[in-house]
Amino acid sequence: MGDLISTHLDEARREVITARTGELMGEFGRLYEQQYAVALFNKMRFDLEGGGGPQNQLLHRKVPLKNKSIFSGALFQYLEENKKWRNRFLFIPDSYNINYYENKQAHDRGLHPKGTINCAGYRVLTSMEEYLELLNTSLPGVKAKVGSSSFLKCATQFPLILWHPYARHYYFYVVTEKEQQKWSAVFQDCVRHTNNGLSEECKVQTPAFTDAVRLYRQAHGHYGTWDMMCGTPPQILANLVMETLLPEMRDLITPKLKGKMHERQRNWMLISDAVYGLVQSQTQAQYEAVVQSCEAGRPPLETTIRTDMDQIITSKEHVTSKIRALVLPKAEKLLKVSIQPYISSILDALMEPTSRGFFEVKDLFFRELVDMSKNLLNDGNKEKLGEHMDKISMLAFHPVKMQSCYEKVETLSLEGLQQRFDVSSPSVFVQRAQILMREQMDDAVYTFEQLLHKSLEGQEQEDLSKTIQGCQDRVIKKFDYDSSTVRKKFFREALLQIFIPYMLKQLSPSCSAELPSFQELIFEDFSRFILVENIFEEVVLHTVMKDIMLAVKEAAVQRRHNLYRDSIVLTDSDPNLLLLGENPPIDWAEEYGGGQEEVDGENTGDPEVQKRRRVKQVVSMIQIEGNASVLPNESSLEVPAVDDIPEEGTEVRSDTSLSQKSEKQVSNGTKEDVKKNAVDDKPPTNRSVLKEEESTTERSLQGTEIKSAIDCAIQEIEKAVQEEEHEARTQKTAESSSLKEETAAEDVKPTSSCEEGARINPADTNKDTTSSTEKPSDSPVLEVEAVTSSEQQENHITASTQESHTENPIAPSQHDNSGFQSPTNEAAEEEQQGGKKECNDSETGDDTGKGEIAHMDHQ
């Protein structure tokens, strides 16, 4: 791979990359310095005048993932170096970067990871067909087919692929569909979080950066939303460079690529990743230099703003009035013709899936609290409460549980906007809505934690459920108000992102030529804080903002989406709750003793290793909920040994083969052998995990053996009943034929026990069959009762007749009892017992002829 990169990225091409990056960063640096002064002025003016918007009712957690990790587990990864699949242990910390290790032991020892994946700009794919469609767009004219490439071969039908338009791709696979769904949810959460790389806490740097990027793209004719506006500022700048550099490098390099179709695609992907890494390193260094330069010049700017704040505001208002007189007539005409007819329809398309997503967040929060209350009713103590609250505290950052909420918003569709309003895809709005949903969930959980903790001080144990219900009702009401405020703000921002670029693109050709003349109206001392381009955009924004506000207000009046009216403003409605927000975070496990786990070697060894082991994990294990049994080599639980890792061309063991193997062990070996085999396939792990697996396996085996024994007993009883019915019908037929041949004197003789049983038994048999059909055989309690009654009747038969017991020990009880109830006199007992032997012989497998002969001999 090194020879490939060095061959196609020689010194001349590296100089081209450096030159293109330097040109963009030079222009961006000039725009950033201008927007930095404007953003600083707006921030200081906002601090002075205040906002005046609605106040949030829920508390906000400052550091939500302190001492937390998101997930860790193992799955198979494809390695580009040797073109083979290897099992890797993945650990996702609170930064949402994916670290992969050789195995779990390497992570526990604190070794450096084999690699780290920053998921910004990636897409999570779960099918090879979808990946190949995207791969075909990288090299025009080169098309790949499924199965035509060796490095695209996957051992199972459950791949997980991280695709990026510029960086390298990562290939994983798992063995079950459940694992694929849950790993996909974890990866999507990593992408969602890393895409949101611009901190909202930076009130100066973030607005300056976004405005500079937007103005740069508009200067080059790119209006509208941009999908690659994701990640940290250096990553966004690298994406901006690659947007124009990649086609140029592709035209230079692809004609010289040799080999088969899949080899050229693979080589181009590696070259693109090398170019992207080189560009990103340069943009990071140059961006840091620009930021440091602006921060160094910030103190004199702040002094000027504080001194001349009023004069700057007056000068800006004067210039704004002049520009408004020029732009307003054209903007209103454009607004009336091209914007107003589409506001309501676009707003409905945004509100439907977004509101469903927020409703699902509320329902999920409610369900979790209800489940906790039900569990505490049975075993209600503060230790159990601490265990449940320790899990609920991280509910917002549980990607598997929150996936149902995120899926509601993914149905958002803005058909027709791509061509008319230059909206590339709705993914920008979907990810923003999902981030807001996660923040609202965390605010609700954090508020509930503080209220419950305050209420539990000095509270008796019997009032626990009532306390939880009261705190839950308070949080739900506050959630409804805050979610309404957040959604209305999101709708306004989304409509502005759709309409403003379109209006600027339509108005710029006619207005941009006259804008420089207004620069003369600005004093030179204030020219750094007042820019004509920014004022032009503000005028356009205020023009369309009135219609957007009116549309959102009308939607709130309809009450279809549970939005509060703008007239309903709650300010300081719960001052005591705001004071709770200043309290330190609550460690439920430590304070109430729940959720504590002993770790081997916790008191010895490296302190850093102990610290990593004590870090709690949001998602404990990928496992089918409600199923305590875990496969021995399930990738999310343990890392299999190196010998179990399939090479290229080998076949990975499926879940079916594993289950068959475990069934053979249950039938042929003991429970200890099964547990030993299940543990031998896995490397050593914590004692608590091994004990839990052994106990789970033992319980499942015991349940299997008991159920198998009951099923066998029921089958034997049913088989005996069927044979009895058959023999009864045969005996009845033989009896009727023999009675016709006998004389009237022979009819006076006493009836044998076998004949009496044959006449009585069919009704009893039918009755038993009916009762057996009414009771399901799969119920363990009923099966045990049936077996017990059968054993009691067998004991009764044994006590009555020893000889009959030796001949037919498992004969049905109804037939045996009927034989002892029908004798007519005591003188015929010996003959009756002899006939009983003959009848039992016929019941144990003799054919119909033997039964007739025995009957004739007895008579």
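Everything quoted here is computed from the prediction, not taken from an experiment.
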By ring-ring contact (aromatic ring centres under 6.0 Å, His included), which residues pair with His222, not counting sequence neighbours?
none
Validation row: Gln180, Leu160 side chains within 4.5 angstrom (heavy atoms):
yes
Which pair of non-hydrogen atoms, one from Ala185 and one from Gln403, has the smallest distance, and what is that distance?
CB-OE1, 3.6 Å
Side chains of Ile117 and Cys119: closer than 4.5 Å at any heavy-atom pair?
yes
Pairs in or reaching into residues 232-245: which pass salt bridge (charged side-chain N to carboxylate O under 4.0 Å, His left out), with residues at least two apart or in two chains?
Arg217-Glu243
Could Asp94 and Lys68 be called an ion pair, given the rule that one side-chain N must be under 4.0 Å from one carboxylate O?
no
In terms of heavy-atom contacts, does CD of Glu23 have more than 12 from other residues, nucleotides or ligands at under 6.0 Å?
yes
Could you grab the distance from atom CG of Leu9 to atom CZ of Arg14, nearest 0.5 Å is fine?
5.5 Å
About how many Å separate CD1 of Ile5 and OG1 of Thr7, when rounded to the nearest 0.5 Å?
9.0 Å
Looking only at atom types and distance, does a side-chain atom of Thr156 sit under 3.5 Å from a main-chain N or O of Val174, one as donor and one as acceptor?
yes
Arg432 with Glu439: basic N within carboxylate O range, under 4.0 Å
no
Flag this pair as yes if the NZ/CZ of Arg367 is under 6.0 angstrom from the six-membered ring centre of Phe365 and inside a 45 degree cone about the axis; otherwise no.
no
Verify whether the ring centers belonging to Trp183 and Phe172 lie closer than 6.0 Å.
no
Can we call the ring centroids of Tyr216 and Phe28 under 6.0 Å apart?
no
Who are the salt bridge (charged side-chain N to carboxylate O under 4.0 Å, His left out) partners of Glu248, not counting sequence neighbours?
Arg20
Pairing residues for Arg438 by the salt bridge (charged side-chain N to carboxylate O under 4.0 Å, His left out) criterion, not counting sequence neighbours:
Asp189
Applying side-chain hydrogen bond (donor to acceptor under 3.5 Å, both in side chains) as the test, list every pair that has at least one member in residues 232-241; sequence neighbours left out.
Asn118-Gln235, Thr232-Gln235, Asn239-Tyr276
Are Tyr287 and Phe209 an aromatic pair by the rule of ring centers under 6.0 Å?
yes
Does any part of the side chain of Glu179, heavy atoms only, come nearer than 4.5 Å to the side chain of Phe158, both counted from C-beta?
no
Partners passing ring-ring contact (aromatic ring centres under 6.0 Å, His included) against Phe429 (at least two apart in sequence or in another chain)
none
I'd like to know if Lys258 and Glu263 make a salt bridge, using a cut-off of under 4.0 Å between side-chain N and carboxylate O.
no
Results of salt bridge (charged side-chain N to carboxylate O under 4.0 Å, His left out) for Arg13 - residues two or more places apart only:
Asp10
My understanding is that only residues two or more places apart in sequence, or in another chain, count here; which of them pass side-chain hydrogen bond (donor to acceptor under 3.5 Å, both in side chains) with Arg214?
Asp211, Glu537
Strictly under 6.0 Å, is that where the ring centroids of Tyr78 and Tyr170 end up?
no
Under the rule for side-chain hydrogen bond (donor to acceptor under 3.5 Å, both in side chains), what residues qualify as partners of Thr254, not counting sequence neighbours?
none
Can you list the steps and then say if Met228 with Met242 is a side chain to side chain contact (heavy atoms under 4.5 Å, CB included)?
CA-CA 10 Å; Met228 296 309 295; Met242 294 293 289; over 6 Å; no
Can I get a per-line list of side-chain donor-acceptor pairs under 3.5 Å for residues 405-412, giving both atom names and the distance, sequence neighbours left out?
unit_1: Thr411; atom_1: OG1; unit_2: Arg356; atom_2: NH2; d: 3.2
unit_1: Thr411; atom_1: OG1; unit_2: Lys408; atom_2: O; d: 2.9

Are His169 and Tyr122 close enough, and set up right, to give a ring pair (Phe, Tyr, Trp, His ring centres under 6.0 Å), and what steps lead you there?
CA-CA 9 Å; His169 305 160; Tyr122 277 89; 7.7 Å; no
Residues which pass salt bridge (charged side-chain N to carboxylate O under 4.0 Å, His left out) with Asp273, listed by chain and number, not counting sequence neighbours:
none
I need the full list of salt bridge (charged side-chain N to carboxylate O under 4.0 Å, His left out) pairs touching residues 112-125, with sequence neighbours left out, sorted by first then second residue.
Glu102-Lys114, Arg123-Glu130
